[in-house]
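Notes to accompany the following structure.
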Amino acid sequence: MKVLVTGFDPFGGDKVNPAYEAVKKMPDEIAGAQIIKVEVPTVFAKSSQVVEKAIEEHQPEIVICVGQAGGRSAVSFERVAINLAEARIADNEGNQPFDTALEPDGPAAYFTSLPIKAMTKNVHEHGLPAYISYTAGTFVCNDIMYRLLHLIETKFPTIRGGFIHVPFSPDQVIDRPVGTPSMSLDDIAASLTYAVEAAVTNDHDIAGNAGTTH
């Protein structure tokens, strides 16, 4: 089995992006699966083009895209991506779309095909925090998740895929407001590793209530 794991390059003025830095720290093999690591640009549409090319080259069974969610305190597994680009800041090529459909003929939303409840459980059982999120935002993270799931729906139906958000790394919060959450790259990488392990070993998700009130 092959698992393609992608991470974004730095954006928004930061010199590093913990997404790809943590991906690089992951083992090259997890639960018998080969881990293929690819950096993607923080650019609308282009990031998913890199993913599509990597899928065609490596033929993975699972694709997991990873991105930074500054302000979150733990790794979070995204449940849904929406067909909307609404960029509060410009991407790395200056694009700042708003009120724009990612795929004009696509559905309003796609749900992940990853076993995210099993992934969350496995991270917890290894002593690290994690949770399921119901919004991937409207920036490039949502863009890549939606377009990945659209590719799976229309071109690669045997692949399972989804998206994981990770917190700032400690060096990113030095000049941010006191109390801004962060997580070490080692802990982020470990969380991603346990998540991939669960994705590889669970063809279907486990039962359980992961709902939120807001």
Side-chain angles (χ1 to χ4, degrees), residues 4-14 16-20 22-23 38-52 63-114 116 119-120 130-155 160-169 172-173 176-177 180-183 188 192 195 210-214:
L4 172 64
V5 186
T6 73
F8 286 108
D9 61 3
F11 71 96
D14 282 304
V16 298
N17 190 321
Y20 191 58
V23 167
V38 175
E39 185 176 36
V40 296
T42 307
V43 179
F44 283 96
K46 280 192 175 181
S47 58
S48 61
Q49 291 169 6
V50 173
V51 172
E52 183 175 7
V63 180
I64 299 174
C65 299
V66 182
Q68 170 189 296
R72 296 191 185 183
S73 59
V75 167
S76 48
F77 304 105
E78 297 299 343
R79 184 80 184 263
V80 61
I82 60 175
N83 192 6
L84 175 69
E86 185 87 7
R88 182 179 56 80
I89 62 173
D91 69 14
N92 283 352
E93 289 189 356
N95 304 301
Q96 196 169 0
F98 62 95
D99 285 336
T100 303
L102 300 175
E103 293 288 345
D105 298 324
Y110 281 114
F111 286 95
T112 185
S113 50
L114 298 176
I116 56 175
M119 293 161 72
T120 304
Y131 64 96
I132 292 173
S133 165
Y134 295 88
T135 174
T138 55
F139 194 51
V140 185
C141 291
N142 176 73
D143 175 273
I144 199 172
M145 181 180 177
Y146 184 92
R147 293 184 193 274
L148 165 63
L149 296 174
H150 189 69
L151 283 171
I152 291 172
E153 178 69 21
T154 60
K155 192 173 180 178
R160 292 184 291 152
F163 190 91
I164 301 174
H165 264 126
V166 303
F168 283 135
S169 57
Q172 290 179 284
V173 303
R176 286 186 160 92
T180 300
S182 68
M183 192 177 199
I188 295 173
L192 295 176
T212 63
T213 56
H214 54 73

(request) Assign the ring pair Phe139 / Phe44 to parallel, tilted or perpendicular, where the plane angle (0 to 90°) is split at 30° and 60°. (result) perpendicular
(request) Identify the two heavy atoms, one from Ala22 and one from Ile188, that lie closest to each other, and give their separation to 0.1 Å. (result) CB-CG2, 3.4 Å
(message) Give me the atom names and distance for the closest heavy-atom approach of Ser73 to Pro167.
(response) C-CG, 3.8 Å
(request) Can you see which heavy atom on Val66 is nearest to which on Ala19, and at what distance? (result) O-CB, 3.6 Å
(message) Checking Tyr146 now: which residues fulfil ring-ring contact (aromatic ring centres under 6.0 Å, His included) with it, not counting sequence neighbours?
(response) Tyr110
(message) Pair Asp99, Glu86 - check side-chain contact (heavy atoms from CB on, under 4.5 Å), show working.
(response) CA-CA 6 Å; Asp99 285 336; Glu86 185 87 7; 3.4 Å; yes
(request) Take Ile152 and Val63 through the test side-chain contact (heavy atoms from CB on, under 4.5 Å) and record every step on the way to the result. (result) CA-CA 10 Å; Ile152 291 172; Val63 180; 5.6 Å; no
(message) Going by salt bridge (Lys or Arg N to Asp or Glu O under 4.0 Å), name the residues that satisfy it together with Glu93, two or more places apart in sequence or in a different chain.
(response) Lys46
(message) Could you report the tightest heavy-atom contact between Ala210 and Ile132, atom names first, then the distance?
(response) CB-CD1, 3.7 Å
(request) Could you tell me the separation between the CE atom of Met145 and the CG atom of Leu102, rounded to the nearest 0.5 Å? (result) 12.0 Å
(message) Can you tell me how far apart OG1 (Thr100) and CG (Leu84) are? Round to the nearest 0.5 Å.
(response) 7.5 Å
(message) Tell me the closest heavy-atom pair linking Arg147 and Ser48, and the distance in Å.
(response) CD-OG, 3.0 Å
(message) Rounded to the nearest 0.5 Å, what separates atom CD in Glu78 from atom CG in Asn142?
(response) 8.5 Å
(request) Evaluate the side-chain proximity of Asn92 to Asp9: yes if any heavy-atom separation is below 4.5 Å, no if none is. (result) yes
(request) Check for a donor-acceptor pair, side chain of Gln96 on one end and backbone N or O of Asp91 on the other, with a separation under 3.5 Å. (result) no
(message) Keeping Asp143 on the side-chain end and Ala45 on the backbone end, is there a donor-acceptor pair under 3.5 Å?
(response) yes
(request) Kindly indicate whether the side chain of Arg72, heavy atoms from C-beta on, has any atom under 4.5 Å from the side chain of Ser133. (result) yes
(message) A side-chain contact here means heavy atoms from C-beta on lying under 4.5 Å apart; do Ile82 and Thr138 qualify?
(response) yes
(request) Evaluate the side-chain proximity of Ile144 to Val40: yes if any heavy-atom separation is below 4.5 Å, no if none is. (result) yes
(request) Verify, without hydrogens or angle tests, whether Glu39 (side chain) and Gly7 (backbone) share a donor-acceptor contact under 3.5 angstrom. (result) no
(request) Identify the two heavy atoms, one from Cys65 and one from Leu148, that lie closest to each other, and give their separation to 0.1 Å. (result) SG-CD2, 4.0 Å
(message) Determine whether a donor-acceptor pair (N or O, by modelled atom type, separation under 3.5 Å) exists between the side chain of Thr180 and the backbone of Gly71.
(response) no
(request) Nearest 0.5 Å please: distance from the CG atom of Asn17 over to the CZ atom of Phe11. (result) 6.0 Å
(request) Apply the test side-chain contact (heavy atoms from CB on, under 4.5 Å) to residues Tyr131 and Thr212: give CA-CA distance (whole Å), side-chain angles for both, the deciding distance (0.1 Å), then the verdict. (result) CA-CA 10 Å; Tyr131 64 96; Thr212 63; over 6 Å; no
(message) Run the side-chain contact (heavy atoms from CB on, under 4.5 Å) test on Thr6 and Val51 for me, step by step, so that the C-alpha distance in whole Å, both residues' side-chain angles and the decisive distance to 0.1 Å come before the verdict.
(response) CA-CA 8 Å; Thr6 73; Val51 172; 4.1 Å; yes
(message) With rounding to the nearest 0.5 angstrom, report the CD1 to CZ distance, Ile116 to Phe163.
(response) 13.0 Å
(message) Does any part of the side chain of Phe77, heavy atoms only, come nearer than 4.5 Å to the side chain of Thr112, both counted from C-beta?
(response) no
(message) Let me confirm one number: the OG1-CD distance from Thr42 to Gln68, rounded to the nearest 0.5 Å.
(response) 8.5 Å
